[in-house]
Trainee: 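Quick one: this structure, given as C-alpha cells, is what I'll be asking you about.
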Amino acid sequence: MLPGKYQQLYDDLSTFIPEKRLFTDPLRTLAYGTDASFYRLIPKIVIKADSETEVARILQTADRRNIPLTFRAAGTSLSGQAVTDSVLVICGGNWNAHEILNNGHRIRLQPGVIGGQANRYLAPYGRKIGPDPASINAAMIGGIAANNASGMCCGVAQNSYQTIHSMRILFHDGTLLDTADEKSRAHFKQAHARLFDDIAQLSESVRANTELTERIHQKFKIKNTNGYSLNALVDFTDPIDILLHLMIGSEGTLGFISEIVYNTVVEHPYKASALMIFPNIENACSAAAVLTLAPVAAAEIMDRASLRSVENNKGIPSYIKTLSATATALLVETRAHTIEELRTNIGKIIQSLEG
C-alpha cells in the first residue's frame, strides 16, 4: 500500500497512463531504483512515459500533489542523478526519434537516443555530436545533456553547453518551451513574465559585478560538470537563451528535455594515440603543458594507482607492472583529415617533447 499522497497520485496517473506502465511492486521499484552509482533509493512509483504530452500531464499532476519527480534515461549515472525515493519517470525506449539537419551539421534527437547511435547516424556525413562521455555507447541523450556529460576529447570546447542549438523543455506546470520557435518563445515570455524578468535581472546584476563575472569566466575555462552552468548568466543576455544553457548540467531540476538539437562537430577519419610514461607526475604535467601547443586532440593523465588497476588486463604491456611507484602516464590522441596530416601531427608531437 502506498503512502497517502502517493496513492492519490497513482490514482490520478492511472486515469491517463495504462497500469502496465505504472509500477509499485518491490521487484521493479528496486531494479529501477538502481543506476551506475553506489547510491540506492527505492522509488514509490515508477512511470514509463511514452510521449511529450504524457510527461506534461505527469508534471502537472505531480505538481498539484506537491510530489517531486526524477527523470531517468539509460541510468548510467555514476553520481546518483537517476535514483529517487519519490517518483521515477523513465523516458527511454519510445524516445528514440532523430532527424539529420543541414547535411549533418545539426541533428535533432529525443532523449532516449543512445549517444553512440547518434554518432552512427552522423557518420556518413563525417560528423558527430560534441560530447563524448566514456559511457557514450550506453548513455542516452537526455542524461548526456542534463548532466553535461562530456568526456576526454570534447573538453570545454565541444561539450553540450557549447554545441547546443535549441531544445524543447517541459516545466513543472506542464508548460512547453521550444527555444527554436519564435511563437513559443513569445508565449513563454508572456505566460512566465516573472521568471523571464527574474532571469534578466539576475544576469544583469552578475554582469555588473566585474569581479564575479571574471571569476565565472575563469571557473568555466576548465572542465566542470558540478552545479548549474552559471556561465550562461554572463555568456548570454536573452533570458530564454540563458535558460536554454542553464538546462545543460541541471540534472532535471529545472525541467524535462523532450528534444534537443545539437550543432555537430567534425569526426576526423584518421586518429592515433599513445601511452606516454613519465618518471613522476611533475614531468607528466610539464609535458601536458607543452602538448597544449601541439596538434593534440586530448591528453588524459593517469597516476600509478590508475595504471596498477589495469596492469593485469589482457593486452596491457607487461612493462607496466615494472614501473616505479611515482610513474605517471599521459594518454594522448591526435586527429587528422588525411594520413599524411596525421603523420605530420605525430612528428610535431614527438618533437615538442624532446626536451
Side-chain angles (χ1 to χ4, degrees), residues 59 63 68-71 77 79 81 106 109 111 129-133 141-151 154-265:
L59 284 162
D63 192 42
L69 304 175
T70 294
F71 300 109
S77 164
S79 306
Q81 292 98 322
R106 285 181 187 156
L109 299 163
I129 60 172
D132 63 336
I141 291 299
I144 289 173
N147 298 315
N148 197 20
S150 48
C154 80
V156 295
Q158 296 181 344
N159 59 15
S160 289
Y161 181 92
Q162 297 294 347
T163 58
I164 183 71
H165 172 265
S166 58
M167 191 183 285
R168 288 174 70 89
I169 309 165
L170 285 166
F171 295 93
H172 72 98
D173 59 355
T175 298
L176 172 67
L177 168 62
D178 184 347
T179 66
D181 183 88
E182 288 303 323
K183 288 184 179 179
S184 181
R185 292 171 73 106
H187 178 266
F188 184 84
K189 180 179 179 180
Q190 183 178 14
H192 292 79
R194 181 176 176 180
L195 174 63
F196 190 91
D197 291 341
D198 285 349
I199 293 173
Q201 291 173 16
L202 179 60
S203 173
E204 186 177 342
S205 65
V206 171
R207 284 184 283 109
N209 186 330
T210 54
E211 183 179 354
L212 178 57
T213 297
E214 181 58 27
R215 185 177 184 189
I216 290 172
H217 281 310
Q218 290 297 325
K219 287 286 186 182
F220 286 91
K221 280 182 181 179
I222 61 175
K223 194 170 175 182
N224 173 27
T225 58
N226 294 314
Y228 291 118
S229 300
L230 296 182
N231 45 336
L233 297 171
V234 295
D235 290 343
F236 304 93
T237 55
D238 187 311
I240 290 179
D241 291 334
I242 293 171
L243 187 55
L244 166 64
H245 288 82
L246 281 172
M247 287 296 298
I248 301 300
S250 64
E251 299 181 7
T253 59
L254 300 180
F256 172 73
I257 301 170
S258 64
E259 182 183 277
I260 188 167
V261 177
Y262 275 112
N263 293 311
T264 62
V265 300

Trainee: NE2 of H187 to NE2 of H192: how many Å apart, nearest 0.5 Å?
Mentor: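 Answer rounded to 0.5 Å: 8.5 Å.
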Trainee: Indicate yes or no: at least one non-hydrogen side-chain atom of N231 is less than 4.5 angstrom from one of H217.
Mentor: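 N231 does not reach H217 side chain to side chain.
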Trainee: Tell me whether R207 contacts the main-chain N or O of V234 through its side chain, where contact means a donor paired with an acceptor under 3.5 Å.
Mentor: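 Not confirmed, R207 side chain does not pair with V234 backbone.
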Trainee: Verify the neighbour count for atom CD of Q218: are there more than 12 heavy atoms of other residues, nucleotides or ligands below 6.0 Å?
Mentor: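 Yes, enclosed.
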Trainee: Provide the closest heavy-atom pair for A145 versus S160 in the form atom of the first, atom of the second, distance.
Mentor: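 Taking every non-hydrogen atom into account, CA-OG, 4.0 Å.
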Trainee: Taking the side chain as everything from C-beta on, heavy atoms only, tell me whether V206 gets closer than 4.5 Å to L230.
Mentor: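 Answer no - side chains too far apart.
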Trainee: Using side-chain heavy atoms (C-beta onward) and a distance below 4.5 Å, is L176 in contact with F188?
Mentor: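 Counting from C-beta outward, L176 and F188 never come under 4.5 Å.
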Trainee: How long is the gap from CE on M247 to OG1 on T253, to the nearest 0.5 Å?
Mentor: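 Nearest 0.5 Å value for the CE-OG1 distance: 8.0 Å.
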Trainee: Between the side chain of D63 and the main-chain N/O of L59, is any donor-acceptor distance below 3.5 Å?
Mentor: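 Looks like no, no N/O pair under 3.5 Å.
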Trainee: Can you give me the closest heavy-atom contact between I141 and I260, atom names plus distance?
Mentor: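 What the structure gives for the nearest pair is CG2-CG2, 3.3 Å.
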Trainee: Can you confirm whether E214 sits close enough to T210 that some side-chain heavy atom of one is under 4.5 Å from a side-chain heavy atom of the other?
Mentor: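 No - every pair of side-chain heavy atoms lies 4.5 Å or more apart.
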Trainee: Nearest 0.5 Å, please: how far is CD in Q162 from CD1 in I248?
Mentor: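 That separation rounds to 10.5 Å.
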Trainee: CD1/I242 to CD1/I199 distance, rounded to the nearest 0.5 angstrom?
Mentor: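 Reported to 0.5 Å precision, the distance equals 7.0 Å.
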Trainee: Quick check on side chain to side chain contact (heavy atoms under 4.5 Å, CB included): which of T175, L177, I169 does S184 satisfy it with?
Mentor: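 Passing option: L177.
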Trainee: Does a side-chain heavy-atom distance below 4.5 Å link N148 with E251?
Mentor: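 The answer is no, as the side chains (C-beta and beyond) never meet within the 4.5 Å cut-off.
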Trainee: Check whether any side-chain heavy atom of I257 lies under 4.5 Å from a side-chain heavy atom of F71, and answer yes or no.
Mentor: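 Not touching, per the 4.5 Å side-chain cut-off.
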Trainee: At their closest point, which heavy atom of T70 faces which heavy atom of Q81, and how far apart are they?
Mentor: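 Result for this residue pair: CG2-O, 3.5 Å.
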Trainee: Consider side chain to side chain contact (heavy atoms under 4.5 Å, CB included). Of I144, V156, N159, which one does S150 pass it with?
Mentor: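 Answer after filtering I144, V156, N159: N159.
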Trainee: Which word best sums up how the rings of F236 and H245 line up, parallel for under 30°, tilted for 30 to 60°, or perpendicular for over 60°?
Mentor: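 Because their plane-to-plane angle is under 30°, the rings of F236 and H245 count as parallel.
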Trainee: How would you list, by chain and number, every residue that makes a ring-ring contact (aromatic ring centres under 6.0 Å, His included) with H165, sequence neighbours excluded?
Mentor: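 Counting only residues at least two positions away or on another chain, H165 forms no ring-ring contact (aromatic ring centres under 6.0 Å, His included).
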Trainee: Supply the atom-to-atom distance S229 OG to L244 CG, rounded to the nearest 0.5 angstrom.
Mentor: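 Output value for this atom pair is 10.5 Å.
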Trainee: So, do T264 and T163 sit near enough that their side-chain heavy atoms are less than 4.5 Å apart?
Mentor: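 Counting from C-beta outward, T264 and T163 never come under 4.5 Å.
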Trainee: What are the two closest heavy atoms between G252 and A146, and how far apart are they?
Mentor: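 It is N-CB, 4.3 Å.
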Trainee: Could you tell me whether F220 and Y161 have their ring centroids closer than 6.0 angstrom?
Mentor: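 Centroid distance F220-Y161: not below 6.0 Å, so no.
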Trainee: Using modelled atom types and a 3.5 Å cut-off, is there a donor and acceptor pairing between side-chain atoms of S205 and backbone atoms of L202?
Mentor: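 Side chain of S205 to backbone of L202, a donor-acceptor pair under 3.5 Å: yes, one is there.
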Trainee: To the nearest 0.5 Å, what is the distance between CE (M167) and CZ (F256)?
Mentor: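 Atom-to-atom, M167:CE and F256:CZ are 11.0 Å apart.
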